[in-house]
Amino acid sequence: MSTIPEIRTLPVPDGLEGERVDAAISRMFGFSRTKAAELAAAGKVQVDGSVVGKSERVHGGAWLEVEMPQAPAPVQVVAEPVEGMEIVHDDEDVVVVVKPVGVAAHPSPGWSGPTVIGGLAAAGYRVSTSGAAERQGIVHRLDVGTSGLMAVAKSERAYTSLKRQFKERTVDKRYHTLVQGHPDPTSGTIDAPIGRHPQHDYKWAVTAEGKPSVTHYDLIEAFRAASLLDVKLETGRTHQIRVHMAAHRHPCVGDLTYGADPTLAKRLRLTRQWLHAVRLGFEHPGTGDWVEYASEYPDDLQQALDLVREETYG
């Protein structure tokens with residue numbers, strides 16, 4: 001049975017006078033510029049009853065009509081063992097894992113690879129039933145290309161407590177990252193809002209329309225071509241460290257998505273960004289005690305670090 005498309009119509013504010021159609025859609029309906037352009041190209045955008053292209057201009061007071069994209073089909077959790085996923089703590093409330101690179105936190109549209117939730121299910125773990133079906137128990141995430149510590153709620157009280165702690169920014173999330181060049185100053189805070197990239201759906205960017213995002217960093221060790229940093233997140237935006245370091249002109253080594261030098265990544269035999277969640281601390285939901293967990297660098301990151309040291313001291 002076919003689904004009747006949802007049509008939304010809004011008057012163009014005077015403040016958007018002269019804007020391109022794709023820019024107006026992005027501002028008014030919350031889509032990325034890329035998605036807005038796709039809708040226009042598919043003939044799903046009208047201005048005052050006439051189909052328009054993405055580059056046409058709008059005027060204040062015109063009626064902008066958009067056929068909304070259909071919601072993706074719900075994704076299912078597949079119980080599948082995850083090679084290399086280490087359990088560092090397990091009790092009735094929380095399981096803490098070291099997520100390997102190439103693993104997502106939970107299933108999502110377009111991702112068919114392994115997930116933390118699927119790996120826990122395959123190992124016989126039962127997690128909290130709070131949250132969307134495909135991400136039950138997930139209270140925070142790491143990028144597919146980022147390795148390190150993740151906490152997953154097993155009990156409902158743990159889910160509620162950990163979500164609150166992340167919201168109140170009391171969780172201590174520490175990362176180590178190898179970045180290109182030498183940040184000046186060597187310790188500092190990057191306070192810049194992050195939102196969807198205006199041209200690329202898969203990327204994020206520092207943008208005035210983004211959400212407040214704060215990253216603190218301290219130099220651990222400097223090398224000829226790069227610097228090893230300790231990073232503490234005050235907020236938890238998608239790709240936050242990667243976006244902030246790239247905007248600071250010191251992208252994470254190996255992070256080709258955000259402008260890292262591919263020749264340096266090749267020299268260091270890296271196939272992903274050098275970024276690892278090394279420490280995670282929070283108030284235990286059951287006992288109220290402060291608990292902390294640590295993780296060593298995985299082999300590929302340690303190898304790259306050894307190589308960059310050789311370039312400096314060899």
* Asked: Among side-chain atoms of R272 and S147, is any donor-acceptor pair under 3.5 angstrom?
  -> yes
* To do: Grab the two heavy atoms, one from V58 and one from A24, that are nearest each other, plus how far apart they are.
  => CG2-CB, 4.0 Å
* **Student check: side-chain heavy atoms of V253 and V308 closer than 4.5 Å** => no
* **N/O donor-acceptor pair under 3.5 Å between H140 side chain and A151 backbone** => yes
* **Test item: R237 side-chain N/O and V214 main-chain N/O as donor-acceptor pair under 3.5 Å** => no
* **Steps toward side-chain contact (heavy atoms from CB on, under 4.5 Å) verdict (V66, M28)** => CA-CA 10 Å; V66 177; M28 294 170 63; over 6 Å; no
* Could you work out the complete set of other residues in the hydrophobic cluster of V139, with links drawn between I, L, V, M, F, W and Y side chains under 4.5 Å apart? => V88, V94, V96, V98, L149, Y159, L162, F166, V171, L280, F282, V291, Y293
* To do: Could you go through the side chain to side chain donor-acceptor pair (under 3.5 Å) check for E92 and S155 one step at a time?
  => CA-CA 7 Å; E92 63 179 347; S155 66; over 6 Å; no
* Measure the OG1-NZ distance between T235 and K167 for me, rounded to the nearest 0.5 Å. => 15.0 Å
* To do: For R126, look at atom CZ and say whether over 12 heavy atoms of other residues, nucleotides or ligands are found less than 6.0 Å away.
  => no
* **From E292 atom CD to D172 atom CG, the distance as rounded to the nearest 0.5 Å** => 6.0 Å
* Considering only heavy atoms from C-beta outward, does the side chain of V206 approach that of H244 to under 4.5 Å? -> yes
* To do: Please step through side chain to side chain donor-acceptor pair (under 3.5 Å) for the pair T189 and D191, ending with a clear verdict.
  => CA-CA 6 Å; T189 296; D191 185 350; over 6 Å; no
* What are the two closest non-hydrogen atoms of E311 and A225, and how far apart are they? -> OE1-CB, 4.3 Å
* Asked: Roughly how far, to the nearest 0.5 Å, is the NE2 atom of H276 from the OG1 atom of T177?
  -> 12.0 Å
* To do: Give, for atom CG of D255 and atom CG of L275, the distance between the pair rounded to the nearest 0.5 Å.
  => 8.5 Å
* **T129 and E156, any side-chain heavy atoms less than 4.5 Å apart** => yes
* Beyond-backbone contact of S161 with H284, side-chain heavy atoms, under 4.5 angstrom -> no
* Give the C-alpha distance, both sets of side-chain angles, the deciding distance and a yes or no for side-chain contact (heavy atoms from CB on, under 4.5 Å) between D91 and K154. => CA-CA 8 Å; D91 61 35; K154 294 177 67 177; 5.5 Å; no
* Asked: Do V152 and I87 belong to the same hydrophobic cluster, where Ile, Leu, Val, Met, Phe, Trp and Tyr are linked whenever their side-chain heavy atoms lie under 4.5 Å apart, directly or via other members?
  -> yes
* Check: G145 main-chain N/O paired with D143 side-chain donor or acceptor under 3.5 Å -> no
* Is the count of non-hydrogen atoms from other residues, nucleotides or ligands lying under 6.0 Å from D299 atom CG greater than 12? -> no
* Where do L229 and M245 land on the side-chain contact (heavy atoms from CB on, under 4.5 Å) test, with the steps shown first? -> CA-CA 11 Å; L229 305 180; M245 297 316 302; 3.6 Å; yes
* To do: Start with the C-alpha gap between H239 and Y258, add the side-chain angles, then the distance that decides, and say whether side-chain contact (heavy atoms from CB on, under 4.5 Å) holds.
  => CA-CA 10 Å; H239 295 185; Y258 289 104; 2.7 Å; yes
* Structure fact -> K35 meets the salt bridge (charged side-chain N to carboxylate O under 4.0 Å, His left out) criterion, sequence neighbours left out, with E38
* To do: List the atom of A62, the atom of V47, and the distance in Å for their closest heavy-atom pair.
  => CB-CG1, 3.9 Å
* Asked: Considering residues, nucleotides and ligands other than R157, do more than 12 of their heavy atoms fall under 6.0 Å from its CZ?
  -> yes
* Asked: Could you give the distance from CD1 (I25) to CD (E19), rounded to the nearest 0.5 Å?
  -> 12.0 Å
* To do: Indicate, with yes or no, if V101 and V103 share a hydrophobic cluster defined by side-chain heavy-atom contacts under 4.5 Å among Ile, Leu, Val, Met, Phe, Trp and Tyr.
  => no
* V45, L10: one ILVMFWY side-chain cluster at the under-4.5 Å cut-off? -> yes
* Please answer: with hydrophobic residues joined when any side-chain heavy atoms are less than 4.5 Å apart, are V243 and I241 in the same cluster? => no
* To do: Using ring pair (Phe, Tyr, Trp, His ring centres under 6.0 Å) as the criterion, point out the one residue from F223, Y175, Y297 that pairs with W274.
  => Y297
* To do: Measure across A40 and G53 and return the closest heavy-atom pair with its distance rounded to 0.1 Å.
  => CB-C, 4.0 Å
* Asked: What heavy-atom pair brings P100 and E83 nearest, and what distance separates the two atoms?
  -> CG-O, 3.6 Å
* Taking the side chain as every heavy atom from C-beta outward, state whether E86 and S295 have any pair of such atoms under 4.5 Å apart. => no
* Quick one: pull up CZ in R33 and CG in D22 and give me the separation to the nearest 0.5 Å. => 4.0 Å
* Evaluate the side-chain proximity of E67 to I7: yes if any heavy-atom separation is below 4.5 Å, no if none is. => yes
* Check whether any side-chain N or O of S187 sits under 3.5 Å from a backbone N or O of P185 as a donor-acceptor pair, and report yes or no. => no
* Enclosure of R141 CZ (heavy-atom neighbours >12, cutoff 6.0 Å) -> no
* More than 12 heavy atoms of other groups within 6.0 Å of K54 NZ -> no
* Counting distance only, does the side-chain N/O of R279 pair as donor-acceptor with the main-chain N or O of A294 below 3.5 Å? -> no
* Taking every non-hydrogen atom, the tightest pair across L219 and S227 -> CD1-CB, 3.8 Å
* **same_hphob_cluster(L228, L264) at 4.5 Å side-chain heavy-atom cutoff** => yes
* Asked: Do the side chains of E283 and T170 get nearer than 4.5 Å, heavy atoms only?
  -> no
* Asked: Can you find a pair of side-chain heavy atoms, one from L64 and one from F29, that are under 4.5 Å apart?
  -> yes
* Inspect the contact between D230 and R174 and indicate whether a charged nitrogen and a carboxylate oxygen are less than 4.0 angstrom apart. => yes
